[in-house]
Amino acid sequence: MTTTRPGSDSGAAPCIAIVGATGAVGKEFLTILDERKFPIGHLRLMASSRSVGKKMTFRGREYVVEDLEKADPSGIDIALFSAGASTSRAHAARFAAAGAMIVDNSSAFRMDPEVPLVVPEVNPEAVQDAPKRIIANPNCSTIIALVPLWPLHRKARLRRLIVSTYQAVSGAGARAIDELEKQTKDVLEGRPARKEIFSHQIAFNLFSHNSKIGADGYNEEETKMTKETYKIFGDTSIGISATCVRVPTFRSHAESITAEFASPLSPDDARAILSHAEGVRVVDDREKNYFPMPIETAGQDLVYVGRIRKDTSGPNSLTFFISGDQLRKGAATNAVQIAELLLKTTDMETRSKTGKPGNPAMAGRV
Ligand code: A2P
């Protein structure tokens with residue numbers, strides 16, 4: 001079936017659009033919407049003109065990808081955007097003006113004071129206040145770090161954070177996945193590695209994150225981790241320094257985190273807090289030298305935390321190692337959780353009976 005006709009066609013279930021449907025995160029959206037049994041009355045898939053006519057399957061039905069440039073957003077309730085910041089800047093307002101709520105996975109609006117930046121385990125209430133009808137999904141490394149840091153911050157108040165990341169290539173999109181695969185094959189077979197997406201060879205190598213370096217010496221990814229943490233935690237007093245590195249894994253980021261707190265927090269206390277924290281699994285077996293690994297966190301939504309120990313270099317300080325699937329919890333799952341919050345605070349049943357919205361953020365549309 002093609003879905004070029006806009007608007008919901010199935011009772012109260014919403015019309016969902018995926019912008020960037022053919023990309024690494026876009027495809028993940030479909031998997032996660034299905035896994036989480038997200039109610040969908042009507043689905044529209046959009047990408048660049050290069051993908052027009054391409055067919056994709058969801059819940060056993062075939063959908064034809066639309067050209068975003070030409071797509072009429074009328075009737076869309078929620079649009080999940082993951083097609084890069086410039087695409088979001090060009091199209092999100094147009095979709096919002098037509099009545100859609102946007103959950104944007106790009107960096108385009110994250111620092112806009114009128115756009116909530118949401119990790120549902122941390123600040124779910126922020127979705128209520130979205131005057132531009134846009135809610136931003138944070139940077140993948142930020143989400144993965146903040147899920148376990150939040151319950152520790154609530155207990156002992158974070159003062160200083162030092163993070164080093166080990167970031168999988170899929171964070172740079174579907175073509176970066178191909179690049180690692182091709183380069184690995186080429187190098188193993190004695191051919192030179194061809195570089196198209198990354199400016200350095202990624203197979204059998206690692207390098208400083210492929211984003212621009214600012215005047216302060218931090219690259220954009222590192223700066224995002226600092227600024228986004230401030231906005232999500234609502235606390236700009238935390239000292240943060242990140243070093244972001246791209247490594248030759250396909251999927252799931254890992255991070256080494258050293259966190260200094262205002263109050264004492266022992267490794268055992270942290271382990272106890274984290275073992276009950278939403279979205280976290282403690283994997284911390286010293287005897288077996290078994291700790292979080294990308295190969296085990298890929299394909300699921302929990303952030304694994306291990307190597308929890310005292311940072312012996314300073315007071316009230318812990319150091320630990322985490323890993324989480326950045327295409328899922330670091331992108332698509334987090335965005336779908338935000339969409340679920342929108343549905344929860346919007347009484348779709350009420351809408352169908354009375355035409356009135358339940359969620360102020362959805363007002364005007366539903
Ligand atoms: P397309 O596949 O047609 O290029 P990734 O992050 O994996 O590289 O995916 C990016 C996603 O964003 C793809 O679905 C891609 O579509 C889409 N995209 C990129 N540029 C545009 C654009 N200018 N307009 C619409 N979609 C775009």
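Numbering starts at 1 and runs along the sequence shown. Just so you know, ligand 1 is whichever comes first in the structure, and atom 1 is the first atom listed for that ligand.
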Does even one non-hydrogen atom of R50 get within less than 4.0 Å of ligand 1?
-> yes

Using the six-membered ring wherever Trp is involved, compare the ring planes of W150 and F233 and label them parallel, tilted or perpendicular (cut-offs 30° and 60°).
-> tilted

For I295, does the CD1 atom sit with more than 12 other heavy atoms under 6.0 Å from it, leaving out its own atoms?
-> no

Atom 6 (O) of ligand 1: nearest protein contact (heavy atom, Å) = G173 CA, 3.7 Å

Q183 and D186: side-chain donor and acceptor closer than 3.5 Å?
-> no

V25-ligand 1 polar pair, N/O distance under 3.5 Å | no

For atom 18 (N) of ligand 1, find the nearest protein heavy atom and state the residue, atom name and distance (0.1 Å precision).
-> A83 CB, 3.8 Å

Under a heavy-atom criterion of less than 4.0 Å, does S82 contact ligand 1?
-> yes

Check ligand 1 against S51 and write out every atom of the ligand that is under 4.0 Å from a heavy-atom position of the residue.
-> 1 (P), 2 (O), 3 (O)

Per-atom contacts of ligand 1 with A174, taking only distances under 4.0 Å to non-hydrogen atoms = 5 (P), 7 (O), 8 (O)

Among V19, T22, V65, which one has a heavy atom closest to atom 16 (O) of ligand 1?
-> T22

For atom 26 (N) of ligand 1, which candidate among A71, S106, A176, S48 holds the nearest heavy atom?
-> S48

Where is the tightest heavy-atom contact between Q326 and R251, given as atom of each residue plus distance?
-> OE1-C, 3.9 Å

Please report the closest heavy-atom contact between Y230 and T236, naming both atoms and the distance.
-> CD2-CA, 3.6 Å

Hey, is L68 touching ligand 1 through its side chain, its backbone, both or neither, going by heavy atoms under 4.0 Å?
-> side chain

Tell me: protein heavy atom nearest atom 22 (C) of ligand 1, and distance?
-> T87 OG1, 3.5 Å

So which heavy atom on A259 is nearest to which on L161, and how close?
-> CB-CD1, 4.0 Å

Evaluate the salt bridge (charged side-chain N to carboxylate O under 4.0 Å, His left out) criterion for residues E221 and R246: first the C-alpha distance (whole Å), next the side-chain angles of each, then the deciding distance (0.1 Å), finally the verdict.
-> CA-CA 11 Å; E221 187 84 349; R246 188 71 76 186; 6.0 Å; no

Using 4.0 Å as the upper bound for N to carboxylate O, is an ion pair formed by D268 and R271?
-> yes

Shortest protein contact, atom 9 (O) of ligand 1 (heavy atom only) | G23 CA, 3.2 Å

